[in-house]
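Remember, it's 1-based here, ligands and their atoms both numbered in the order they're listed. For the numbers below, each heavy atom of this structure counts, side chains included, while hydrogens, waters and symmetry mates do not.
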Amino acid sequence: MMPDQYAVIGNPIGHSKSPLIHSMFAKSTDQNIKYSAIEGPIDRVDGFELKVREFLNAGGKGMNVTAPFKLRAYALADQLSERAKLAGAINAMKFANGEILGENFDGIGLLKDVQSNLKFSLTNKRVLLMGAGGAARGALLPFIEANPAELIVVNRDVAKATKLVNEISSNVKLIACGYKDLTDQKFDIVFNATSASLTGELPPLNPEVFTHSGLAYELAYGKGLTPFLRLAQNAGVKRLADGVGMLAEQAAEAFQWWRGLRPSTSSVIQLLTVPLK
Ligand code: NDP
């Protein structure tokens, strides 16, 4: 039988770990799929949309979406999940009866990694989420569902964080602020969902926020000890983590959505882990 076709689309795409991850999942669950990497064109306005339609029309079953197309994929989808709507971006598509269903598994993948793999519960904790871009937006709803005591979203552009927080009605104490407003604030868990580490930068974070922190989590992966993680380590935080587990868990969520069964993520995490030093 011909394998079912899946792909990840992005630009650039050469660095994507998704083909490797999904082929490992397929092998371990005995699923007959082919998962490829597609470079989405950025030289014409509808290049991404045409590529997706081409894949769908050729019988493709689903796609992952990575930078810079998550917002365009959101606009292209015919149906969206609640968390995708709040995130305003999608990272997975399923094709059914010619329609495109959109999902965002980044946030739920992050929560799974923290709670199931790292065994850190967010319940009743004071949580700091740095950043208000796509990854932070995706994390917000799953984080709220974990019922933290307080969830603070800090961003350089404070208006962006405020807008995000105002879009949500929740029983959880949810606050948006700027980095200067964090004086004398301490958190049990700190997440870096900014893209600062991708360019070796450090957000203007006062290390006092880590005074009681049990975990500092960097969403970027494969970068070793980023400036954020180093700051946390120097402030005495015992557990440091990067986004490799999040990457594996969001992939497992997509795989389950497409194939109806959830693969184990441990060998993927083991293979892709880069030491934090
Ligand atoms: P976006 O471009 O959507 O958002 C970037 C965010 O970073 C903004 O809030 C921006 O603030 C902030 N920022 C950038 N530079 C700095 C800086 N020097 N100081 C303070 N804030 C800064 O990025 P994404 O949300 O898509 O990605 C964020 C991170 O999450 C990246 O590291 C990415 O690799 C990671 N990620 C990991 C995944 C995984 O599976 N592990 C999946 C998806 C993302 P402002 O609004 O003020 O400009």
Side-chain angles (χ1 to χ4, degrees), residues 8 10-13 15-18 20-22 64-74 83-84 86-92 103-114 117-118 128-143 152-165 176-182 190-206 209 216-231 240-255 265 268-269 272-274 276:
V8 58
N11 190 316
I13 199 61
H15 67 284
S16 175
K17 304 282 186 223
S18 293
L20 171 67
I21 296 174
H22 282 281
N64 280 122
V65 185
T66 187
F69 298 124
K70 289 184 184 182
L71 302 180
R72 279 166 70 178
Y74 175 87
R83 60 177 164 240
L86 182 71
I90 62 174
N91 81 329
E103 256 292 6
N104 188 317
F105 294 121
D106 281 337
I108 191 81
L110 171 59
L111 187 68
K112 275 252 156 68
D113 188 38
V114 174
N117 300 337
L118 303 173
L128 179 63
L129 179 62
M130 300 158 60
R137 295 188 70 95
L140 217 48
L141 211 52
F143 276 15
I152 314 272
V153 181
V154 62
N155 200 44
R156 236 176 7 188
D157 176 351
V158 185
K160 204 157 125 190
T162 306
K163 183 168 176 290
L164 175 56
V165 161
C177 70
Y179 287 94
K180 284 199 188 83
D181 305 318
L182 292 177
V190 181
F191 291 92
N192 184 13
T194 76
S195 54
S197 302
L198 301 181
T199 47
E201 288 167 44
L202 179 65
L205 184 70
N206 183 337
V209 298
Y217 193 110
E218 168 74 75
L219 270 67
Y221 56 87
K223 302 259 169 225
L225 199 65
T226 61
F228 164 77
L229 289 176
R230 184 168 297 121
L231 190 77
L240 307 175
D242 77 358
V244 66
M246 171 184 179
L247 176 74
E249 295 301 335
Q250 65 73 30
E253 291 293 317
F255 192 92
T265 51
V268 165
I269 294 175
L272 297 180
T273 292
V274 170
L276 299 179

I need the single residue from Arg83, Lys70, Arg137 that forms a side chain to side chain donor-acceptor pair (under 3.5 Å) with Asp106. Which is it?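 Exactly one pass, corresponding to Lys70.
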Could you give all pairs that pass the salt bridge (charged side-chain N to carboxylate O under 4.0 Å, His left out) test and reach residues 221-231, with sequence neighbours left out? none
Distance, nearest 0.5 Å, that separates CG of Leu225 from CG of Leu240: 6.5 Å
What closest approach, in Å, do Leu129 and Ala193 show between heavy atoms, and which atom pair accounts for it?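 Of all heavy-atom pairs spanning Leu129 and Ala193, the closest is CD1-CB, 3.9 Å.
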Which protein residues have a heavy atom closer than 4.0 Å to any atom of ligand 1, listed by chain and number?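 Residue list for ligand 1: Lys70, Asp106, Gly131, Ala132, Gly133, Gly134, Ala135, Asn155, Arg156, Asp157, Lys160, Ala193, Thr194, Ser195, Ala196, Leu198, Glu201, Pro203, Leu219, Ala220, Tyr221, Gly243, Met246, Leu247.
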Looking at Asn104 and Asn91, would you say the former's side chain and the latter's main chain have a donor-acceptor pair under 3.5 Å? no
Kindly indicate, with the supporting measurements, whether the criterion side-chain contact (heavy atoms from CB on, under 4.5 Å) is fulfilled by Asn155 and Leu164. CA-CA 11 Å; Asn155 200 44; Leu164 175 56; over 6 Å; no
